[in-house]
Trainee: 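One structure, as structure tokens, below. Some questions next.
Atoms within each ligand, like the ligands themselves, are counted from 1 in listed order. As a basis for the values below, the full set of heavy atoms in this structure was taken, side chains included, without hydrogen atoms, waters or symmetry mates.
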Amino acid sequence: MQQAFADLEAEAACFEKHRTQLTPEMAATDFLDIVHELEMLNRLAMRIFDFATLSFAADTQDQGAQTFLAQVRQTMAGFENRTLFFSLWWKALDDEPARRLLASSGDYRYWLEQMRNFKPHTLLETEEKIVNIKNTTGASALNTLYAAITNRYVFRLEIAGEVKELTRGEVMVYVREADPEIRKTAYQEMYRVYGQDAPVLGQIYQTLVQDWRNEQVDLRHYSDPIAARNLANDIPDPVVDTLLDVCQRNTAIYQRYFRLKSRMLGMPRLRRYDIYAPVAKADKTFSFERAIEMVLDSFDRFDPRMAKLALRVFEDKHLDSEVRKGKRSGAFCDTVGPDLTPWVLLNYQGRADDARTMAHELGHAIHSMLSEGHSAFTQQPSLPLAETASTFGEMLLIDHLLGQEEDPAVRRDLLFHQVDDSYSTIMRQAFFALFERKAHAMIQQGASVDELSEAYLENLKGQFGEAVEVGDEFRWEWVSIPHIYHTPFYVYAYTFGQLLVLSLYQQYQAEGTAFKPRYLELLATGGSEAPAKILATAGIDIYSAQFWQGGFDVIQRLVDQLEHVAAA
Ligand SMILES: [Zn+2]
């Protein structure tokens with residue numbers, strides 16, 4: 001790492017010399033050379049930074065990893081500040097010379113265009129530097145603190161007379177248990193622990209939201225807090241409004257589904273604890289090796305290239321599946337750059353759901369590897385497209401399993417599970433985004449943590465109507481959602497991605513083999529084009545409410561199918 005730091009220092013010093021060469025009259029080839037140099041510099045910076053974040057994820061309680069991450073953040077802020085002059089110059093450049101330089105910018109074109117979209121929201125260089133420096137001890141530090149506080153939580157559950165000490169990932173396993181009492185106890189324990197710290201966690205949230213507003217709205221003049229995320233995603237504001245509106249108009253579909261589920265479970269009314277309850281007894285578990293086999297098989301059936309790429313992650317030993325205390329909960333895929341196989345973190349516990357998560361994260365990895373022909377600046381798609389390959393990968397696995405499984409109980413369980421899952425990625429996330437929109441407005445008006453919790457309960461009521469009974473402890477659910485802390489308004493990307501994939505999957509089922517090249521092409525484009533344009537090429541109009549409704553129609557049909565199965 002010392003060598004890497006030294007290299008970074010030397011290359012940054014070299015890059016700084018280009019400052020005086022940047023002029024409106026400069027030759028296009030010189031401009032391209034400078035951009036290329038900046039890309040190489042960024043690749044090195046990403047290597048260092050991701051080494052630090054991955055080490056921290058592997059053990060969030062390791063003090064060495066914590067200190068190293070803080071040190072790297074500091075170094076990165078300094079590095080960003082030293083290279084900042086390039087983007088500031090580029091954004092400030094007049095349209096005409098910018099057009100000339102763009103014309104021969106090759107793969108960098110979209111990245112350069114998108115940068116100029118931020119022109120109206122960019123501060124002076126000195127101001128940008130201050131924002132960067134203050135962030136390392138401000139918002140970033142608060143997020144590290146939030147992760148450090150919440151990742152050390154221990155949840156105590158009494159299972160068969162024995163009190164177990166569990167991590168969040170482990171306790172969440174019990175909300176999918178057949179025993180309704182265990183599900184209830186698991187949720188209550190979860191929010192007992194979060195609820196105890198709610199005044200502190202809520203305060204961290206209020207501060208982060210205020211910081212977001214101060215920077216994005218007051219300093220950078222975005223029209224409202226969500227607009228800053230929308231521009232970063234390069235998704236026009238009206239598209240996001242339409243998406244969230246269509247979700248609100250479709251709450252009845254899931255309410256109908258929850259009523260069906262309560263009938264299947266023999267309950268008069270579903271409780272919030274029962275949302276993910278299994279309807280059929282299918283406690284089937286899968287060994288890690290078996291899960292790998294199933295996932296690779298289902299990818300291979302779609303296209304052998306997909307399986308081969310997924311296999312590369314295992315061959316390079318870039319997948320951490322073990323459950324350990326202090327390890328980051330959940331799962332993610334981390335792409336460092338075009339020249340490195342992505343890293344995947346799982347907490348594999350043998351449920352069908354864990355196999356699905358494996359398919360999901362490997363889907364991300366495949367997406368990155370298919371687009372590794374692009375530069376470090378154009379490899380990764382913007383957030384709303386980032387979930388395309390992952391959710392598509394999950395659906396391939398489900399279909400494959402449905403095709404193989406003969407036991408009707410297991411099949412029914414898979415179908416129910418699929419709707420459960422679509423609920424948690426589509427509707428649940430959309431309502432998180434709606435809550436964020438509300439919370440950002442309320443905090444601006446000086447709302448207290450308790451008032452935010454009341455608003456959260458209201459939000460749940462809007463989502464579940466009379467179909468689901470919500471326990472009072474769910475008022476603390478929002479303080480347990482890391483996304484709304486570290487990446488405000490990230491969550492609608494899941495909604496966007498899942499509805500999009502349902503529609504793509506429909507196309508695949510209708511067209512078969514003819515669909516495949518178009519889909520792989522979409523993935524291979526990576527982040528080298530605007531999302532609206534990438535999707536238009538695939539025949540999709542994201543401005544149209546009808547397109548989003550199409551995704552819900554797929555779910556409606558699934559629920560119809562399930563009602564049919566249930567009646568039989
Ligand atoms: Zn994902």
Trainee: Taking 2.8 Å as the limit, list every protein N, O or S atom around the Zn ion (ligand 1), by chain and residue number.
Mentor: H360 NE2, H364 NE2, E387 OE1, E387 OE2

Trainee: Would you mind reporting whether W548 and I542 have side-chain heavy atoms less than 4.5 Å apart?
Mentor: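 They are in contact (side-chain heavy atoms under 4.5 Å apart), so the answer is yes.
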
Trainee: What orientation do F489 and W212 show, parallel under 30°, tilted 30 to 60°, or perpendicular over 60°?
Mentor: tilted

Trainee: Counting neighbours of CZ on R557 that are heavy atoms of other residues, nucleotides or ligands and sit closer than 6.0 Å, is the number greater than 12?
Mentor: yes

Trainee: Measuring centre to centre across the rings, with the benzene-like ring taken for any Trp, is Y494 within less than 6.0 Å of F432?
Mentor: no

Trainee: Should L319 and L362 count as side-chain neighbours, where that means a heavy-atom distance under 4.5 Å?
Mentor: yes

Trainee: Near Q404 CD, under 6.0 Å, is it more than 12 heavy atoms from other residues, nucleotides or ligands?
Mentor: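 Yes, the 6.0 Å shell around CD holds more than 12 heavy atoms from other groups.
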
